[in-house]
Amino acid sequence: STLIITPFKKIIAVTQWATALSMTLVSPQIFAVVLDNQTLTITSLDAPTDYQLVNQSLLIVDSAQTFGLRLNRSGLNILSGTVTATGRGIELADSQATIANASITSSSNFGLLLVHGSGVGSTATVTNSQITGATTGAQATAGSVLNLVDSNVTGTGPNAHGLRLLGGGPAQLREHDVGGRLHVQA
């Protein structure tokens, strides 16, 4: 009996250790906090993570750091903060965002993406912020509106665009700096 229990305990200990190790090796960006018709305020006391918002949710970022943000028919209010993503930084689908005093960076994709899904399109007002994306700093598609005020938008890849407006998406630019190519396609 003792010979059976001892190896079993060792197997359990090894299994627990392997499970803990595999959890640390998995990218934290695989998991996201999902808000469904909810409001959440995050601050510098909250650990960085990805957020996915649906059904009229609202995320308020107050001096916090996050990973990627995905919104569908929801709202985002960044008072100040940092978004650092390996995928898309902030993606708005039929959503609204007010972004101020922020640094938004994607190391492999769009910094900020506004798309028109099946609803009314997306709107973002970005003030006193920096948006950087490897492929495109910021992109707005038809039916979406992007307002840039005192902000820098940069594409960092070899063929990257600073700002892309596709399908006639309007953009209002005031006191801005676009690094990389400016691409407007009707």
Side-chain angles (χ1 to χ4, degrees), residues 12-115 117 122-140 144 146-157 160 162 179:
I12 290 174
V14 168
T15 302
Q16 289 173 341
W17 177 81
T19 301
L21 178 62
S22 68
M23 293 297 283
T24 60
L25 296 177
V26 173
S27 170
Q29 296 176 343
I30 291 175
F31 304 103
V33 173
V34 178
L35 301 178
D36 188 345
N37 196 25
Q38 297 170 291
T39 297
L40 176 67
T41 299
I42 59 172
T43 68
S44 60
L45 301 177
D46 294 292
T49 191
D50 289 301
Y51 290 90
Q52 183 175 3
L53 287 72
V54 295
N55 299 324
Q56 305 304 314
S57 292
L58 174 63
L59 179 65
I60 301 167
V61 179
D62 188 1
S63 302
Q65 181 179 0
T66 71
F67 298 136
L69 304 175
R70 308 284 171 273
L71 287 78
N72 188 344
R73 297 178 187 257
S74 294
L76 173 65
N77 186 359
I78 299 180
L79 305 172
S80 67
T82 302
V83 177
T84 305
T86 54
R88 294 176 178 164
I90 298 175
E91 180 178 348
L92 305 172
D94 298 324
S95 297
Q96 298 76 39
T98 302
I99 300 168
N101 309 306
S103 173
I104 301 164
T105 304
S106 169
S107 61
S108 67
N109 213 301
F110 298 95
L112 174 63
L113 176 62
L114 287 76
V115 299
S122 297
T123 302
T125 299
V126 181
T127 306
N128 195 33
S129 297
Q130 292 73 42
I131 303 171
T132 304
T135 59
T136 300
Q139 177 173 305
S144 294
L146 174 60
N147 299 300
L148 296 173
V149 182
D150 298 325
S151 295
N152 299 313
V153 181
T154 306
T156 58

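Positions are given from 1, in the same order as the sequence printed here.
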Asks: Under 4.5 Å between any side-chain heavy atoms of Val126 and Ile104, yes or no?
Replies: no
Asks: Tell me the closest heavy-atom pair linking Thr127 and Ser151, and the distance in Å.
Replies: C-OG, 3.5 Å
Asks: Please check if any side-chain donor atom of Asn128 sits under 3.5 Å from a side-chain acceptor atom of Asp150, or the reverse.
Replies: no
Asks: Distance from Thr49 atom OG1 to Gln65 atom CD, nearest 0.5 Å?
Replies: 11.0 Å
Asks: Rounded to the nearest 0.5 Å, what's the gap from CG on Leu76 to CG on Leu58? Could you check?
Replies: 8.0 Å
Asks: CG of Leu113 to CD1 of Ile131: how many Å apart, nearest 0.5 Å?
Replies: 11.5 Å
Asks: Any donor-acceptor pair under 3.5 Å linking the side chain of Arg70 with the backbone of Arg88?
Replies: yes
Asks: Let me confirm one number: the CD1-CD1 distance from Ile90 to Ile99, rounded to the nearest 0.5 Å.
Replies: 4.0 Å
Asks: For the residue pair Ser95 and Ser122, confirm or rule out a side-chain donor-acceptor distance under 3.5 Å.
Replies: no
Asks: Over all heavy atoms of both residues, which pair between Ala160 and Gly155 is shortest? Give the atoms and the distance, please.
Replies: CB-C, 3.5 Å
Asks: What distance do Gln96 atom CD and Arg73 atom CZ have between them, rounded to the nearest 0.5 Å?
Replies: 10.5 Å
Asks: Closest approach of Ser57 and Leu35, non-hydrogen atoms and distance?
Replies: OG-O, 3.0 Å
Asks: Taking the side chain as everything from C-beta on, heavy atoms only, tell me whether Ile78 gets closer than 4.5 Å to Thr66.
Replies: no
Asks: For a quick test of reading the model, state the closest non-hydrogen atom pair linking Leu40 to Tyr51 and the distance between them.
Replies: CD2-CE2, 3.7 Å
Asks: Might you point out which heavy atoms bring Ala64 and Thr43 nearest each other, and give the distance in Å?
Replies: CB-O, 3.4 Å
Asks: When rounded to the nearest 0.5 angstrom, what distance separates CD in Glu91 from CG in Leu53?
Replies: 12.0 Å
Asks: So which heavy atom on Ser107 is nearest to which on Ala134, and how close?
Replies: O-CB, 3.3 Å
Asks: For Asn101, is there any backbone N or O sitting under 3.5 Å from a side-chain donor or acceptor partner on Ser129?
Replies: yes
Asks: Verify side chain to side chain donor-acceptor pair (under 3.5 Å) between Thr125 and Thr98, making sure each step is shown before the conclusion.
Replies: CA-CA 5 Å; Thr125 299; Thr98 302; 5.6 Å; no
